[in-house]
Amino acid sequence: MNFDLYDFYQEVKAKKILYFYSGPIAHSSIEAASYTLRKHLEFEEAGISTTQAVFSIFIEQAQNILNYSAEKLGNQADAQENELRIGIVVIGNVGDGGYFIYCGNRIHTNDIAQLKSKIESVRNLSKDKLKSLYREKRRKEPEPGSKGAGLGLIEIAKKSSRPLEYNFSPINESFSFFSIRVVVER
Amino acid sequence: MNNLLIEKTLSTPTIQFDLVSNVLKISGESFPENTAKFYSPVLEWLKEYIEQLDSATEVTMEFDIIYFNSSTSKIFMTIFDMLEAAVENGKKICVNWRCDEKNETAIECGEDFKEDLSVLPFNLIIEGDQ
């Protein structure tokens, strides 16, 4: 393969990327990345609120890959506990000391409509509305198919400084690539 | 029943539930791989503890959490609802929600929980640098 690592390194630098991960994500990958990310934000003196927001968005996004990515490593017949799901996370600097947190994974094309409506239902809500929706849903039973509390997207929207941006790129008939882009301003 | 002690990991908190002092402490980070699974023994223990509790014993539940994810937030709400029901039944339980004065997120989370509760005493304890 013709692949120049220095070119790649320079591109990463030019795009102000401070952390990225692409591949199978295990819970231990998230633990390790969260340690590095905290250190990095501490070093950049991001401040406790910005750090908490970036950290929180990263965890919710990475755990979404872990729970919902339609791309898996290894045998489909494996027990659920052993499977590793594949995705990509990119965190970098934007504007005056802000951060972007991008996350992507493969999804089933026929799940697009549902995911789209979930994101749309939160992306334009005010912080107050998000807060009350979060508190309301926290006391309810999770929706069918949810592997957590069903609060992740609301949490991400709460911590985001701008409306969530997202995209679905077709891969083939069955699958699409879903990406979500979140920005935290300082 | 026995004390409940769970050592912290990078993504789960220390759990120290002590039957002698009646201080129940949860401290550290909480973003477990499987939140329901991690907290299941904690909820079981609390349920049994509340059942055997008399109305003279004073219980303090301490939360000293740096970060918790959204699925943990739901579990904490479940815990507070359990404690709230116990207080309604005459048990003496209070919650101390500890947070660093600079950690606005943790303070806000504490305020949100407090607003969702009615009879459970919920003390927001904001601590400065020591």
Heavy-atom pairs under 4.5 Å with chain A, option from B/Thr78, B/Thr35, B/Asp81 with the top count:
B/Asp81
Check this for me: A/Gln10, atom CD, are more than 12 non-hydrogen atoms of other residues, nucleotides or ligands nearer than 6.0 Å?
yes
Just wondering, more than 12 heavy atoms not from A/Glu185 lying within 6.0 Å of its CD?
yes
Would you indicate whether B/Glu51, at its atom CD, is surrounded by more than 12 heavy atoms from other residues, nucleotides or ligands within a distance under 6.0 Å?
yes
Which bit of B/Ile75 comes within less than 4.5 Å of chain A, counting heavy atoms only: side chain, backbone, both or neither?
neither
With distance as the sole test, does B/Lys74 use its side chain to make a donor-acceptor pair with the main-chain N or O of A/Lys137 at under 3.5 Å?
yes
Are B/Leu19 and B/Val59 grouped together when hydrophobic residues (ILVMFWY) are joined by side-chain heavy atoms under 4.5 angstrom apart?
yes
Count the heavy atoms of every other residue, nucleotide or ligand shown that sit under 6.0 Å from CD of B/Glu7, and state whether that count exceeds 12.
no
Side chain / backbone / both / neither for B/Glu115 at chain A, heavy atoms under 4.5 Å
both
Is it the case that one hydrophobic cluster holds both A/Phe20 and A/Phe3, taking links as side-chain heavy atoms less than 4.5 Å apart, direct or via other members?
yes
If you compare all heavy atoms of A/Gln52 against all heavy atoms of B/Thr105, which two are closest, and at what distance to 0.1 Å?
CB-OG1, 3.5 Å
Select one option (side chain, backbone, both, neither) describing which atoms of A/Ser28 are under 4.5 Å from chain B's heavy atoms.
neither
Inspect the contact between B/Glu29 and A/Arg38 and indicate whether a charged nitrogen and a carboxylate oxygen are less than 4.0 angstrom apart.
yes
Look at the side-chain heavy atoms of Ile, Leu, Val, Met, Phe, Trp and Tyr, link any pair under 4.5 Å apart, and say whether A/Ile156 and A/Leu41 land in one connected group.
yes
Judged by atom type as modelled, is there a donor-acceptor pair below 3.5 Å linking the side chain of A/Gln63 to the main-chain atoms of B/Phe31?
yes
Answer yes or no: does atom NZ of B/Lys91 have more than 12 heavy-atom neighbours from other residues, nucleotides or ligands under 6.0 Å?
yes
Audit row: A/Lys131, B/Glu108, side chain to side chain contact (heavy atoms under 4.5 Å, CB included) steps and yes/no
CA-CA 10 Å; A/Lys131 200 166 148 171; B/Glu108 205 185 311; 3.8 Å; yes
Nearest-0.5 Å distance that lies between atom CD in B/Glu33 and atom CG in A/Asn67
8.5 Å
Between A/Ile154, A/Ile30, A/Ile48, A/Leu66, which has the largest tally of heavy atom pairs under 4.5 Å with chain B?
A/Ile48
How about A/Asp96: does its CG atom have over 12 heavy atoms from other parts shown lying under 6.0 Å from it?
no
Within a 6.0 Å radius of atom NZ on A/Lys127, are there more than 12 heavy atoms belonging to other residues, nucleotides or ligands?
yes
Closest heavy-atom contact between B/Pro32 and A/His27?
C-CE1, 3.7 Å
How about A/Tyr134 and B/Ser70: does a side-chain donor come under 3.5 Å of a side-chain acceptor?
no
Carboxylate-amine/guanidinium contact B/Asp112 A/Arg138, below 4.0 Å
no
Will you find, in the side chains of A/Glu60 and B/Asn69, an N or O donor that is under 3.5 Å from an N or O acceptor?
no
Is B/Phe76 close to chain A through its backbone or its side chain, or both, or neither, when contacts mean heavy atoms under 4.5 Å?
neither
